[in-house]
Structure formats: structure tokens, C-alpha cells
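Down below is the structure, laid out as C-alpha cells.
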Amino acid sequence: MDFLADPLHVVETKDGTVSVASTFAGHQEVVQDTDHKYLRIAVEEAYNGVERKDGGPFGAVIVREDEIVASCHNMVLSNTDPTAHAEVTAIREACKKLNQIELSDCEIFTSCEPCPMCFGAIHLSRIKRLVYGAKAEAAIAIGFDDFIADALRGTGFYQKATLEIKRADGNEAIIAEEVFEKTKTKFQMY
């Protein structure tokens, strides 16, 4: 079934635009016509992933110079990996294909607003532009954690109250911090 040809599955807002975000907080703009093509491919990936039973209804496409570098969907179930979200999977594939960890000349198109983990991966890979279709609330409406939207918007607390977080103290904390100072000349990120 070709979901791209079905107008009922086009991801657009009420006024016919699609939300756009960049690594600059609060940045919004109207998407370009070519963006819709890649967003539709991301949506197609979301459908494909669900049909294959690989994971949730999420898709992502990474593009460089108007060419697709990676087109992926959520692989959480098939990989038995809670980090195998569409965006993370696409970033992994793009980095491997391009043999680099920085994707600063790439854009990412996602079927849904990225969760904090995925947004972090997008930020760390230096992707220059993010275009997403559905808001996080669409995923929340079918049972995905609502902490995602709260974390993205700064409107709530982490609701994972069972997670205990503590920073080590004493000698162990000092040893852990020393690794950065002792390896700074041996390891360069960029």
C-alpha cells in the first residue's frame, strides 16, 4: 500500500504548514516545498516500521545536498533496544555511511516531534536543521510517555519517579573527573 499517495496520511498542521525546529530554541519557520517530499518519506517509514512489527510509528530521513543519506524507522522491538528510535537509527546509519560523526551539512525529517533522547542525538551530531510532522501529543494520545512533551517544553517534572539519581562523591568522583583532563590531548571530537 502506498501511504504517500493517500492524502489522509499527509502530516500537516491546520494552516497547511509543518512545524520546523532547529538547534536554536524557539526557532520556527515555514517549511520549503522540497521539505514535504522528505517528510512524506519519513511518514512512509513510520508505516513500514509498524507493518514490519519493528517498533512504534516513527520514521526519520537524513538528507544532504538534496539526497537521502539514511531513511529509517523505529527499531525498538526488532532490535530489543529502547534507544533504537527512528532518529537515532537514522543518525547511526548516516554516520556510518558518511564515515563521520558530525552531520553538520545534513538535515533530518521526522514523522513526529523528537523525544529528548533523539533531540540530544540530533544536537550531538550537529545536524543543521530539523523538520518534524506530528507534535509529541499525537504519540502521547496513543500511549507513549507524556514526559516527552513536558521535557521538550520545560512544562513538567521527569515523571520517572522510580529512577534514583546520585552523583558519586569522594575519591571516585575525582578519579572520574580526571579522565577528561588526562585524555584531552589524546582524543579530539572534531
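Computed from heavy atoms alone, side chains included, the values below leave out hydrogens, waters and symmetry copies.
Heavy atoms only, all atoms of each residue included: Arg52 and His73 are closest at NH1-CE1, 3.9 Å. Looking at every heavy atom in both residues, Val61 comes nearest to Ser71 through CG2-OG, 3.7 Å. Nearest heavy-atom pair, Cys72 versus Glu93, reported as atom, atom and distance to 0.1 Å: SG-OE1, 3.3 Å. Contact record, Phe119 with Pro114: N-CB, 4.0 Å, taken as the closest heavy-atom pair. Here the closest heavy-atom approach between residue Val50 and residue Gly56 is recorded as CG2-C, 3.9 Å. Pairing each heavy atom of Ala60 with each of Thr110, the nearest pair is CB-CG2, 4.1 Å.
The backbone N or O of Glu102 sits less than 3.5 Å from a side-chain atom of Gln100, completing a donor-acceptor pair. In this structure a side-chain-to-backbone donor-acceptor pair under 3.5 Å is missing from Tyr38 to Ile68.
Within the structure, side chain to side chain donor-acceptor pair (under 3.5 Å) pairs that include any residue of residues 75-90 comprise Asp54-Ser78, Asp81-Thr83, Thr83-Arg92 (at least two apart or interchain).
The distance from atom CD1 of Ile127 to atom CG of Leu124, rounded to the nearest 0.5 Å, is 10.5 Å. The line from CD1 of Ile122 to SG of Cys106 is 12.0 Å long, rounded to the nearest 0.5 Å. Between atom CZ of residue Phe144 and atom SG of residue Cys112 there is a gap of 8.5 Å, rounded to the nearest 0.5 Å. The CG atom of Leu39 sits 12.5 Å away from atom NZ of Lys37, with the distance rounded to the nearest 0.5 Å.
Annotation: side chain of Phe109 is in contact with side chain of Val63 (closest heavy-atom distance under 4.5 Å).
Val88 is not connected to Val76 by any chain of hydrophobic side-chain contacts under 4.5 Å among Ile, Leu, Val, Met, Phe, Trp and Tyr, and they are in different clusters. Linking Ile, Leu, Val, Met, Phe, Trp and Tyr residues whenever their side-chain heavy atoms come within less than 4.5 Å leaves Met117 and Ile108 in two separate clusters.
Evaluation of the side-chain contact (heavy atoms from CB on, under 4.5 Å) rule for Ala94 yields Ile62, Val69, Ala70, Leu103 as partners, not counting sequence neighbours.
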Donor-acceptor list for residues 176-183 side chains, cut-off 3.5 Å, not counting sequence neighbours:
| from | atom 1 | to | atom 2 | distance (Å) |
| --- | --- | --- | --- | --- |
| Glu177 | OE2 | Arg167 | NH2 | 2.4 |
| Glu181 | OE2 | Lys184 | NZ | 2.7 |
| Thr183 | OG1 | Val179 | O | 2.7 |

